Structure formats: C-alpha cells, structure tokens
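Structure record follows, encoded as structure tokens.
We use all heavy atoms of the structure for the numbers below, so side chains are in, but hydrogens, waters and symmetry mates are not. Proteins come first, then strands; the chains are lettered A, B, ... in the order of their sequence lines, and each starts at number 1. Remember, it's a predicted structure, so these values are computed and weren't measured experimentally.
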Amino acid sequence: MTTVRIPADWPTTEAQARAVQDELRTRVELSEPGPAPGTGTVTGVDVAYDDERDVVVAAAVVLDGASLEVVEEATAVGRVSFPYVPGLLAFRELPAVLAALEGLTAAPGLVVCDGYGRAHPRRFGLASHLGVLTGLPTIGVAKNPFTFTYEEPGARRGSTSPLVDVEAGGEEVGCAVRTRDGVKPVFVSVGHRVALGTAVAHVLQLAPRYRLPESTRLADALCRRALREAAG
DNA sequence: GCGACAG
DNA sequence: ATCTTGTCGC
C-alpha cells in the first residue's frame, strides 16, 4: 500500500480546476484506435472514501485481457484532495489513483475508470485527465448518464445507443452499452488514445457476466476492503 | 435564481 | 461516494 502525494500545485478552487481542464484538454489524443480487446492487460481503478476521517483509498487491479484473471493489485492511502463537484471529479480522485498505479509492477495496458472521459461538460472527464497525465490509453465507464441523454438501447446484451449532449447541439459524447439482457446499460466514453468502438468492445469483453466490467468490480471491492482495514 | 449533476 | 436488512429471483 503506497501513500498518496498531493502535488503542491494541485487546484484549491473550482475556478483553478476548470482552468487546468481547459489547459490539459488540448493534449487528449483521439485519433488512435487503441489496444485490441482480448490482448495485453487491462487495469481497473477505483476510489473509496471516509470523508469523516478525511481518508481516501485507491485500488488498481491489472487483469489479463483475454482470461480476465488478476495479474497484480496495488492500493494507495491518503487524504482527500478536493471536494466532490460534478465536472471536477478528477481533482478528487486522481492523486490516489496515480499513487495506486505507481505501486504496480506490471504494465497497466488499457485503464478503465469509473466515470467519464469525453462525456464531460468540457470534454475532459476523469478518464481523459488520467490518460493525459500518464500517457496510457484510458476509457470511462459510468453507471449514470450524468447530464447527457440517450435512447434506450435494445434489450439484448451488446446493444448500444449514442450518448448525446443536447446542450451542445446533439453532439455524441459516448455510448450507452447493454452488457446484460434487460439490465440498465452502462455509459462508455473515450478517455485518451482509444476510439469509441474499441472502448465499447473492451467493455463487452470485460463484462461477460455482470453489468459492470470485471476490472471495475474488482477495483471497487479492493479499495473498499482496503479502506475498512485502513480506517473503519 | 433554481434545479440537476460522474463518484 | 456513503448510510443499511431483508428479500425476490436466477
């Protein structure tokens, strides 16, 4: 378990945070197809909080992209770096996520984040931000449509429909993906160095049985367990 | 001004 | 995210 280090220049105000996003968003790479599903490694990252005690724990779980077996796990503990503000989630989660990733020996490969990438008010969600800071290919998988709109995908697993930003004139920012028959879809968007089609294929490949990708299920379970053992 | 709003 | 028991269903 490594320790989270919050950079001295980490934003303190919402205005500063938005300025950082506007600066870094220019570095997002959207023209690469990304790693082929079923190849290499895939890493799930997630964060758990104990706001009472100001404690945060992040987990990174590396999976074999083909078998989905766990290759390596790492966790990090630290203090909360920013309050939760819709649109600024990265400033709350990234220091811990970066510390967890640094604790890994294996190459992360594609990183799967909880939340969004391009599907963001300024097109620079958590997944895009992590991608720019690490240079790794990243995607975002969220459980809710945030402020966006979507048509219900077909009832069968594998059905998809566009995730649209109505405010921005109907721009497509991601995809609603049905990972299980008749179950609420997940919301996928590109982070960095991955195409949307590739991202969707990865999500389906990572979720053969449950609604959420194995990568996020495992990372979620790990950071919660580590939080209990570190604080509660 | 008010409400909604990833985790 | 987190607070929380049982319960319906495959």
Between [atom2] of [N] and [atom1] of [X], the distance in whole Å:
X        : N     : atom1 : atom2 : value
A:Glu14  : B:dC5 : CD    : C1'   : 12 Å
A:Glu167 : B:dA4 : CD    : C1'   : 11 Å
A:Leu212 : B:dA6 : CG    : P     : 15 Å
A:Arg123 : B:dA6 : CZ    : C1'   : 14 Å
A:His120 : B:dG7 : NE2   : C1'   : 12 Å
A:Tyr150 : B:dC5 : OH    : P     : 12 Å
A:Tyr116 : B:dG7 : OH    : P     : 7 Å
A:Phe187 : B:dA6 : CZ    : P     : 11 Å

Between [options], which nucleotide has the shortest distance from any of its atoms to the side chain of [X]?
X        : options             : result
A:Thr147 : B:dC5, C:dT2, B:dG7 : B:dC5
A:Leu227 : B:dG7, C:dT2, B:dA6 : C:dT2
A:Asp46  : B:dG7, C:dA1, B:dA6 : B:dG7

- [ ] Validate the cation-pi geometry between A:Arg217 and A:Tyr210: distance from NZ or CZ to the six-membered ring centre under 6.0 Å, angle to the ring axis within 45°.
- [x]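 Yes, cation above the ring, under 6.0 Å and within 45°.
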Can you tell me if the side-chain N/O atoms of [X] get under 4.0 Å from OP1 or OP2 in [N]?
X        : N     : value
A:Asn144 : B:dG7 : yes
A:Arg92  : B:dA6 : no
A:Lys143 : B:dG7 : yes

Would you classify [X] as touching base, sugar-phosphate or nothing, given that sugar-phosphate means primed atoms plus P, OP1 and OP2, and contacts are heavy atoms under 4.0 Å?
X        : result
A:Asp51  : nothing
A:Gly140 : nothing
A:Ala48  : sugar-phosphate
A:Leu94  : nothing
A:Arg180 : nothing

Task: Per-pair stack call A:Tyr84 and B:dG7, 5.5 Å, 30° - done: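 Ring-base stacking flag set for A:Tyr84 and B:dG7.
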Task: Other residues, nucleotides, ligands: >12 heavy atoms within 6.0 Å of A:Glu32 CD - done: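 Yes.
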Task: Salt bridge A:Arg224-A:Asp220, side-chain N to carboxylate O under 4.0 Å - done: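 Looking at A:Arg224 and A:Asp220, the cut-off is met.
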Open item on the list: Check this for me, if you would: do A:Lys184 and A:Glu152 make a salt bridge, where the nitrogen-to-carboxylate-oxygen distance has to be below 4.0 angstrom?
Closed with: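 Answer for the salt bridge query: no.
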Open item on the list: For a quick check under 3.5 Å, do A:Glu29 and A:Ser31 share a side-chain donor-acceptor pair by atom type?
Closed with: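 Side chains of A:Glu29 and A:Ser31: pair found under 3.5 Å.
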